[in-house]
Number of protein chains: 2
Amino acid sequence: MYSMTTSAVPAPRGPVTRKDVARFAGVSTAVVSYVVNGGPKKVAPATEAKVQDAIRVLGYRPNAAARALKLGSSETLGLIVPDISNPFFSLFSHAVEDAAAALGYALVLSNSDGNLAKERRNVRNLAARQVDGVLLASVLFEPDLEALETADIPSVLLNQERDAPGFNSIGVDLAAGARIAVEHLIGHGHANIGLAMGTNVSGSTDGREVGWRQALQEAGLPEGPISYSAFTRPGGYVAGQRLLASVNRPTAIFATSDMQGIGLLRAIHEAGLSVPGDIAVASFDGSADSEYSWPPLTTVEQPVAAMAEAAVAALVGASRGEKPRHRIFPTKLHIRQSCGCP
Amino acid sequence: MYSMTTSAVPAPRGPVTRKDVARFAGVSTAVVSYVVNGGPKKVAPATEAKVQDAIRVLGYRPNAAARALKLGSSETLGLIVPDISNPFFSLFSHAVEDAAAALGYALVLSNSDGNLAKERRNVRNLAARQVDGVLLASVLFEPDLEALETADIPSVLLNQERDAPGFNSIGVDLAAGARIAVEHLIGHGHANIGLAMGTNVSGSTDGREVGWRQALQEAGLPEGPISYSAFTRPGGYVAGQRLLASVNRPTAIFATSDMQGIGLLRAIHEAGLSVPGDIAVASFDGSADSEYSWPPLTTVEQPVAAMAEAAVAALVGASRGEKPRHRIFPTKLHIRQSCGCP
DNA sequence: TTGAAAGCGCTAACAG
DNA sequence: CTGTTAGCGCTTTCAA
């Protein structure tokens with residue numbers, strides 16, 4: 001109806017600004033700010049009502065860019081993952097988005113495709129966009145965060161096993177997780193346990209390999225065959241083929257990711273072998289895929305939601321001046337059928 | 001070394017702005033803009049070099065918020081999906097991010113969790129953030145886009161089978177895709193083909209159900225049993241259990257998503273039946289999961305990358321004044337082993 | 001309790 | 001070819 005009446009305050013042509021609201025409500029723009037933000041000044045109830053009305057009638061929506069410019073904060077977090085279509089990262093992203101949204105932050109997502117140049121480009125891009133924090137699952141152990149530092153933007157490194165000094169980081173106890181899985185396999189009586197190890201760029205040995213070795217050593221067992229390949233389904237598939245062809249074929253295999261585990265299952269099935277009858281399998285991550293493979297995979301679950309929340313909290317904390325720290329989360333063994341349990 | 005020398009141009013304390021660069025290079029701020037944006041005015045090569053130097057030395061990064069405020073464009077696209085951890089959407093998101101990045105847009109991701117209220121909140125939030133376009137895989141057939149319309153922000157509806165007038169939309173030919181899959185199953189000699197149908201809120205019958213029925217009718221075959229359940233792994237699992245227990249147990253089942261297909265496989269395996277020996281299976285989507293299930297699923301592939309590109313292009317086109325349209329993409333049958341092919 | 005006004009960093013019209 | 005300058009919409013200090 002408003003558009004049909006002649007009014008002292010005509011509907012503005014373009015997008016509605018705070019000025020339009022002020023004019024419509026007969027107050028100053030400052031007052032509009034006060035009611036929109038609930039402060040920093042108190043507003044008389046009657047005035048507030050007028051303003052709320054004007055906002056509703058005009059369909060006013062604050063301009064986030066202007067706010068970001070003024071405040072130097074975009075209420076936005078950036079997330080860089082190698083590949084969002086990797087189930088682990090998509091699960092993680094969802095959890096991060098939830099945690100961010102709960103705090104009023106939007107999430108800008110970018111994929112690095114495991115490509116260092118792209119990762120750096122993404123970091124810079126996020127820095128330029130004045131995000132309030134960046135979560136980075138880096139290709140590297142100590143990534144180049146200079147763009148963020150000079151812009152004073154906090155960051156958290158994801159999937160970080162070790163403490164990278166000066167970095168906020170979060171990770172899971174890889175070695176402990178791998179160990180419980182391998183110990184469980186040993187408990188089933190296996191004495192020749194192979195490893196389908198994912199490859200990463202970081203120089204040092206992955207904790208999952210360490211854990212596998214520890215479990216074997218402690219049980220006085222020799223090391224089974226190892227195959228290094230990508231942390232992916234095809235990677236696991238290839239590793240499976242190689243492991244099955246090795247001179248001393250293992251009776252059980254630990255895969256360092258669910259994706260590899262699934263690839264492994266395919267290789268084993270194709271070879272006409274049964275799981276867990278001929279070969280038992282356990283993997284790492286605890287993604288939904290592992291529950292619906294055949295047979296369902298016994299896997300080491302990462303506490304994704306807790307890690308996401310902690311990562312977001314670390315970002316928010318960092319902007320409040322808390323100092324960088326490294327947080328390690330425990331894992332939990334999910335026993336299903338691929339290990340030989342009924 | 002710059003920090004060690006006394007200079008007429010001290011390093012600025014806070015973040016470096018265009019003003020600092022101008023001062024350092026001994027030019028005006030306008031000139032800095034011209035070189036940063038490559039226009040709209042030409043700059044003498046020598047001057048440009050000085051500016052580029054200053055930018056490098058100072059580590060200058062343009063403030064996106066200020067730019068967005070000035071230009072009324074954030075160079076950002078919004079994407080709302082029900083659940084990023086659904087492999088179809090994560091694949092799609094990756095493709096969207098690629099397409100967006102190629103055009104210089106960042107991507108803000110949000111999950112609606114299939115929840116209408118959350119979807120609306122996300123739409124509004126994106127509108128307030130002045131994104132330049134929104135891609136929405138809605139819960140509804142005709143979602144509430146008012147917040148976007150009043151802000152003059154273009155949008156594209158994803159996964160939209162039919163033309164919703166006035167909306168930009170993109171979808172796949174569901175019925176045709178389902179038909180080729182079911183026809184393929186028929187070609188294997190199956191005469192009792194069941195349907196594991198995903199449930200959605202839209203009132204009308206899903207094209208995949210239509211296609212299944214069409215193929216059957218054209219072949220003069222009776223309709224097999226149907227089970228309605230969620231488009232998820234658990235959904236497919238339950239559908240599988242029900243279908244296997246039905247009075248006239250089908251010899252083949254068409255699942256309307258890969259996730260359902262995978263759940264279905266689990267139900268069949270648990271029942272001690274073999275695929276495709278006892279029951280053949282085909283599904284829909286063409287996600288990576290379908291390739292590594294056991295047996296690998298014959299599936300109807302959606303051209304995700306092409307759709308993502310078209311969706312982003314539609315957004316950009318819309319802001320150039322192109323009128324809304326509905327784009328349908330063809331599917332392609334990926335033959336693997338679950339249907340009975342060798 | 002409310003208002004006026006100074007910018008946040010950037011772009012681009014306009015003037016030189 | 002380069003510089004000056006007026007805002008974009010918002011927050012917040014300072015004054016009334």
Side-chain angles (χ1 to χ4, degrees), chain A residues 12-52 54-55 58-75 127-132 150-152, chain B residues 12-52 54-55 58-75 127-132 150-152:
Chain A
R13 52 268 162 285
V16 182
T17 76
R18 176 223 44 191
K19 205 173 187 171
D20 300 313
V21 175
R23 200 173 356 237
F24 190 99
V27 300
S28 79
T29 59
V31 173
V32 179
S33 258
Y34 301 151
V35 351
V36 167
N37 304 328
K41 294 280 175 59
K42 292 239 60 148
V43 174
T47 316
E48 162 144 22
K50 272 194 302 183
V51 173
Q52 294 288 18
I55 289 176
L58 264 20
Y60 170 68
R61 227 167 284 293
N63 181 318
R67 197 183 147 86
L69 175 58
K70 184 68 188 174
L71 269 357
S73 152
S74 56
E75 317 265 84
R129 285 169 183 276
Q130 335 293 131
V131 298
D132 297 322
T150 67
D152 220 31
Chain B
R13 51 269 161 292
V16 182
T17 76
R18 178 222 45 189
K19 206 173 187 172
D20 300 315
V21 175
R23 199 170 1 234
F24 190 98
V27 300
S28 81
T29 60
V31 172
V32 179
S33 258
Y34 301 150
V35 351
V36 167
N37 305 328
K41 293 281 173 56
K42 292 238 61 149
V43 174
T47 317
E48 161 143 23
K50 271 192 304 183
V51 174
Q52 293 287 18
I55 288 177
L58 264 19
Y60 169 69
R61 229 166 284 294
N63 180 319
R67 200 183 143 85
L69 175 58
K70 182 69 187 172
L71 271 351
S73 150
S74 56
E75 317 264 83
R129 285 169 184 275
Q130 335 292 132
V131 298
D132 297 322
T150 67
D152 219 31

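Each chain gets a letter, A, B and so on, in the order the sequences are listed, and its residues count up from 1.
Residue contacts shown for Val32(B) are absent, as no nucleic acid heavy atom lies under 4.0 Å away. Here Ala44(B) lies in heavy-atom contact (under 4.0 Å) with sugar-phosphate atoms only.
Panel note: side chain Ser74(A), backbone Gln130(A); a donor-acceptor pair is recorded below 3.5 Å. The closest donor-acceptor contact from the side chain of Asp132(B) to the backbone of Glu75(B) lies under 3.5 Å.
Where Val27(B) and Ala65(A) meet DNA chain D, the nucleotide closest to each residue was compared, and Val27(B) sits on the side nearer the 5' end. Looking at which nucleotide of DNA chain D each of Tyr60(A) and Glu48(B) is closest to, the 5′-most match is held by Glu48(B). A residue-by-residue look at Ala66(B) and Ala30(B) shows that Ala66(B) has its nearest nucleotide of DNA chain C further toward the 5' end.
Whole-Å rounding puts the Tyr34(B) OH to dA13(C) C1' distance at 8 Å. Gln130(B) places its CD atom 11 Å from the C1' atom of dC10(D), with the value rounded to the nearest Å. Going from atom NZ of Lys19(A) over to atom C1' of dT11(D) covers 15 Å, rounded to whole Å. Atom CG of Asn63(A) is separated from atom P of dC8(C) by 18 Å (rounded to the nearest Å). One interatomic measurement links the two molecules: CZ of Arg18(A) to C1' of dA5(C), which rounds to 11 Å at whole-angstrom precision. Atom CG in Asn37(B) sits about 9 Å away from atom C1' in dC10(C), given to the nearest Å. To the nearest angstrom, C1' of dG9(C) lies 11 Å from CG of Asp20(B). The CG atom of Leu69(B) sits 12 Å away from the P atom of dT11(D) (whole-angstrom rounding).
Contact between the side-chain N/O atoms of Thr29(B) and the OP1/OP2 oxygens of dG3(D) is not found at any separation under 4.0 Å. At the phosphate of dG3(C), OP1 or OP2 sits under 4.0 Å from a side-chain N or O atom of Ser28(A). In terms of phosphate contacts, Arg67(B) brings a side-chain nitrogen or oxygen within less than 4.0 Å of OP1 or OP2 of dT11(C). OP1 or OP2 of dT11(C) lies within a sub-4.0 Å distance of a side-chain N or O belonging to Ser33(B).
In this structure, the side chains of Thr29(A) and Thr17(A) stay at 4.5 Å or more apart for every pair of heavy atoms. Side-chain atoms of Val27(A) and Val32(A), non-hydrogen and from C-beta on, do get closer than 4.5 Å to each other.
Side-chain atoms of Lys70(A) stay outside donor-acceptor range of the base of dG9(D), with no qualifying N/O pair under 3.5 Å.
The shortest heavy-atom contact between Leu69(B) and Ala66(A) is CD1-CB, 3.7 Å.
Each of dT2(C), dG9(D), dC1(D) was ranked by its minimum atom distance to the side chain of Thr47(B); first place goes to dC1(D).
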